[in-house]
Amino acid sequence: MLRTHTCGDLRLTDKGTTVTLCGWVDSYRDHGGGLFVDLRDRYGITQVVFNPPDTPQDIIDASKDLRAEYVIQVTGKVEPRPEGMANRKHASGEIELRVTELKLLNKSKAPPVSPSESITEIPNEDLRLKHRFLDLRRPVMQRAMILRDKITKGMRDYFADLNFIDVETPILGRSTPEGARDYLVPSRVHHGKFYALPQSPQLYKQILMIAGYDRYVQVARCFRDEDLRADRQPEFTQLDLEMAFIDDDDIMTLIDGLVVKLAKDLLDIDVPTPLPRMTYDEAMRRFGHDAPDLRYGLEIVDLTDLAPQSDFGVFKSVTDAGGHVRAICVPGGANHYSRRGIDALTEFVKGLGAKGLAYFRVNEEGVLDSNIAKFFSEELRAEMGTRLDAKPGDLVLFSADKWLGTCKVLHGLRKKIGEEMKLYDPKAMNFSWVVQFPMFERTEDADNPQAIGKWSAMHHPFTAPLDDSVDHLDDDPAKCRAKAYDLIINGYEAGGGTIRIHDPEVQSKVFGLLGIDKETAQDRFGFLLEALAYGAPPHGGIALGLDRMVMLFGGFDNIRDVIAFPKTQKATDLMTEAPGLVDAKQLKELAIKTDL
RNA sequence: GGCGCCGUAGCUCAAUUGGUUAGAGUACUGGACUGUCGAUCCAGUGGUUGCGGGUUCGAGUCCCGUCGGCGUCGCCA
């Protein structure tokens, strides 16, 4: 060992002891006669002092050459700092190391990305990603990685205590055309054939249930070749689990327990259980989204029935066409959003597909007023005000469109205004479930005109219907609700799962609705269908998005900050420059010709 | 693929309506300084304004294209 302690260890109680520290020069302060260095490692910062008479002159002279990020080993005596010189910013701030020996372990070029927390300016993200070794040296990033480790370990411990066993599943698998685009790996042995990287271990974990491993868990890497977002990476990590002989309530109760433990251990928050559960239909009705942020209100109010009483052409034509008129009432919004502010909101909703933004301000007398007020009788405005619980100074924003259109616009407004008006405590954590998702949705895929209007699975084709929904498979698939549940944290989908179909008859009906004929089913999932025929227990599970949970628990606003080596929005790695070209020889072995 | 924001010194940023030699802080280099902790003080080095084209007497600034980063819609069972 090159050191006796870390830079976060030493306290007043260590005074008088001789210790050796190693670390990076976080900063240095040269006073001519002597010099101070803040020495950093991942445990903290300790001030090391090169001053006479404790430090020999030749060591002081050598210390003059130290620069940011040089790696040094120093030996000396731990001493309390002089009266009034303690630095409360650091845990070891009451002591300092009086250096008697210095060894330069390595030099550093002047860092383009400063790891020092004393530099408050954070470099552009492309620089951080290119020099990730420096970026990851920043204490905030080290805290993120440590938090990630704690969450992962907390999860593993929790499930291990409950008799779950960790089973690894393949990375090289088989492509299934449903769902996200696959990352493909060409086979050298079988020219023209490809492995696919797993989008999730879904099918394998069902096989494990059938194989009798009734409690499976895995920290699983997953891959989806789709476009990126602030909360989406092409490769990400799921805490994946599956159980046999359980129902949906068991999975949710299990995860409630995990959430309580993690919130208590990591954030010292007491989360009451059971976590609230809201159906998908209610979430869409009240918040316009299947992952509502429940840290603030701004609930949607449906005014479709009142709209025809107005003379406002936009509302009337929408309701005549079977659409909806819905609104949110923003408390204090009339003062927060000026004319120009509302123009900005209008531009914003146009980006979401709205044609415009109808609004009312609520004036001093509590009356709804705006440029469209003339189309609404006094009585009608009063009635709308009552429904909306509108108070003087509020702002009422409308969306008139098809149901999903109003959901999208009002959810967008709600989210934007919640942020802009700071309607919630950024440190607050809100956990809930959204349950009873529709089994099927109508395809609106413009790339594939033949598929438009056909049913597709909202989760995957093995999702079980609610017990009282089974009959709707025959008469009205749109009414069919699934044993599906999403864990929602602060408006993010932090995890999701389902109970799986284990009844061959139900499975075949679902395949039928999805237009998957026997041959296709056999070709794509033959192994699973075969396995299901050999005594499959009732089973189901869930997958938690580990990266997102770390992001939310750590208060980060993007997922890259909790992944050591993330990809850019164009799915490249700026440090390694992946993806890269390969040799012609490699392509030839794989029988691949590129067409650029 | 669409929309939007951004790209100026190693780094973070500024530069009036398109107008003189593109500035500041920091880093770096040299010097001063015995208790600092974003040390301080003095001096200095450092620029193809991402790249290419265009408009103009004149472009960091306006236009077109392109590359890169970010956000978002589509997409993500």
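On a predicted model such as this, the values are computed, not experimentally measured, just so you know. Throughout, a chain's letter reflects where its sequence line sits, starting with A, and its residues are numbered from 1.
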Next item on the list: Could you check if a side-chain atom of A:Arg481 sits within less than 4.5 angstrom of a side-chain atom of A:Phe437, using non-hydrogen atoms only?
Entry: no
Taking the side chain of [X] as its heavy atoms from C-beta onward, which of [options] lies nearest to it?
X: A:Ser118; options: B:rG38, B:rC76, B:rU36; answer: B:rG38
X: A:Arg98; options: B:rG35, B:rC37, B:rC33; answer: B:rG35
X: A:Glu226; options: B:rG71, B:rC76, B:rU36; answer: B:rC76
X: A:Arg232; options: B:rC37, B:rG74, B:rC70; answer: B:rG74
X: A:Leu129; options: B:rU34, B:rC70, B:rC73; answer: B:rC70
X: A:Lys570; options: B:rG68, B:rC37, B:rC75; answer: B:rG68

Margin query: Is it true that, when you exclude A:Lys77 itself, more than 12 heavy atoms of the residues, nucleotides or ligands shown sit nearer than 6.0 Å to its NZ?
Written below: no
Suppose we define a pair by two distances each less than 3.5 Å, Watson-Crick or G-U wobble; what does [N] pair with here?
N: B:rU48; value: none
N: B:rC76; value: none
N: B:rG58; value: none
N: B:rA24; value: B:rU12
N: B:rG18; value: none
N: B:rA43; value: B:rU29
N: B:rG4; value: B:rC70

Note to self: On RNA chain B, compare the nucleotides closest to A:Gly84 and A:Leu574; which residue's is nearer the 5' end?
What the structure shows: A:Gly84
Check: On RNA chain B, nearest-nucleotide positions of A:Tyr28 versus A:Met85: which is more 5'?
Finding: A:Tyr28
Does [X] get its side chain close enough to the base of [N], under 3.5 Å, for a donor-acceptor pair?
X: A:Asn87; N: B:rC37; value: yes
X: A:Arg224; N: B:rC76; value: no
X: A:Arg229; N: B:rG74; value: yes
X: A:Asp126; N: B:rG68; value: no

Notebook entry, point to check: Do the side-chain N and O atoms of A:Thr100 and A:Arg98 include a donor-acceptor pair separated by under 3.5 angstrom?
Noted result: no
Does OP1 or OP2 of [N] have a side-chain N or O of [X] closer than 4.0 Å?
X: A:Lys408; N: B:rG74; value: yes
X: A:Arg29; N: B:rU36; value: no
X: A:Arg181; N: B:rG74; value: no
X: A:Arg67; N: B:rU29; value: yes
X: A:Lys89; N: B:rG38; value: yes
X: A:Gln47; N: B:rU36; value: no

Going by an N to O cut-off under 4.0 Å, is there a salt bridge joining [X] and [Y]?
X: A:Glu420; Y: A:Lys415; result: no
X: A:Asp135; Y: A:Arg138; result: yes
X: A:Arg224; Y: A:Asp182; result: no

Between [N] ([atom2]) and [X] ([atom1]): distance, integer Å:
X: A:Asp182; N: B:rC76; atom1: CG; atom2: P; value: 12 Å
X: A:Glu347; N: B:rC73; atom1: CD; atom2: P; value: 17 Å
X: A:His289; N: B:rC73; atom1: NE2; atom2: C1'; value: 13 Å
X: A:Met575; N: B:rG68; atom1: CE; atom2: P; value: 19 Å
X: A:Gln233; N: B:rC70; atom1: CD; atom2: P; value: 9 Å
X: A:Gln569; N: B:rC3; atom1: CD; atom2: P; value: 15 Å
X: A:Lys416; N: B:rG4; atom1: NZ; atom2: P; value: 15 Å
X: A:Leu345; N: B:rG4; atom1: CG; atom2: P; value: 18 Å

Counting the atoms with a prime plus P, OP1 and OP2 as sugar-phosphate, which does [X] contact under 4.0 Å by heavy atoms, base, sugar-phosphate, or nothing?
X: A:Thr572; result: sugar-phosphate
X: A:Ser200; result: base
X: A:Asp30; result: base

Notebook entry, point to check: Is the A:Phe525 to A:Phe462 ring centre distance short of 6.0 Å?
Noted result: yes
Item checked: Base of B:rG35 and ring of A:His31 stacked, centres under 5.5 Å, planes under 30° -> no
Check: Can A:Lys416 be said to sit on top of A:Phe348's aromatic six-ring, NZ or CZ under 6.0 Å from centre and within 45° of the ring axis?
Finding: yes
Next item on the list: With A:Arg42 as the cation and A:Trp24 as the aromatic partner, state whether NZ or CZ is under 6.0 Å from the six-membered ring centre and within 45° of the axis.
Entry: no
What protein N or O atoms touch nucleotides 5-12 of chain B N or O atoms at under 3.5 angstrom, if any, and at what distances?
{"residue": "B:rU12", "atom": "OP1", "partner": "A:Asn124", "partner atom": "N", "Å": "2.6"}
{"residue": "B:rU12", "atom": "OP1", "partner": "A:Asn124", "partner atom": "ND2", "Å": "3.2"}
{"residue": "B:rU12", "atom": "O2'", "partner": "A:Glu121", "partner atom": "OE2", "Å": "3.4"}

Next item on the list: Give a yes or no on whether the backbone of A:Leu574 and the side-chain of A:Thr572 come within a donor-acceptor separation of less than 3.5 Å.
Entry: no
Note to self: Below 30° counts as parallel, above 60° as perpendicular, anything between as tilted: where do the rings of A:Phe36 and A:His31 land?
What the structure shows: perpendicular
Note to self: Work out how far the P atom of B:rG19 is from that of B:rG60, and round it to whole angstrom.
What the structure shows: 10 Å
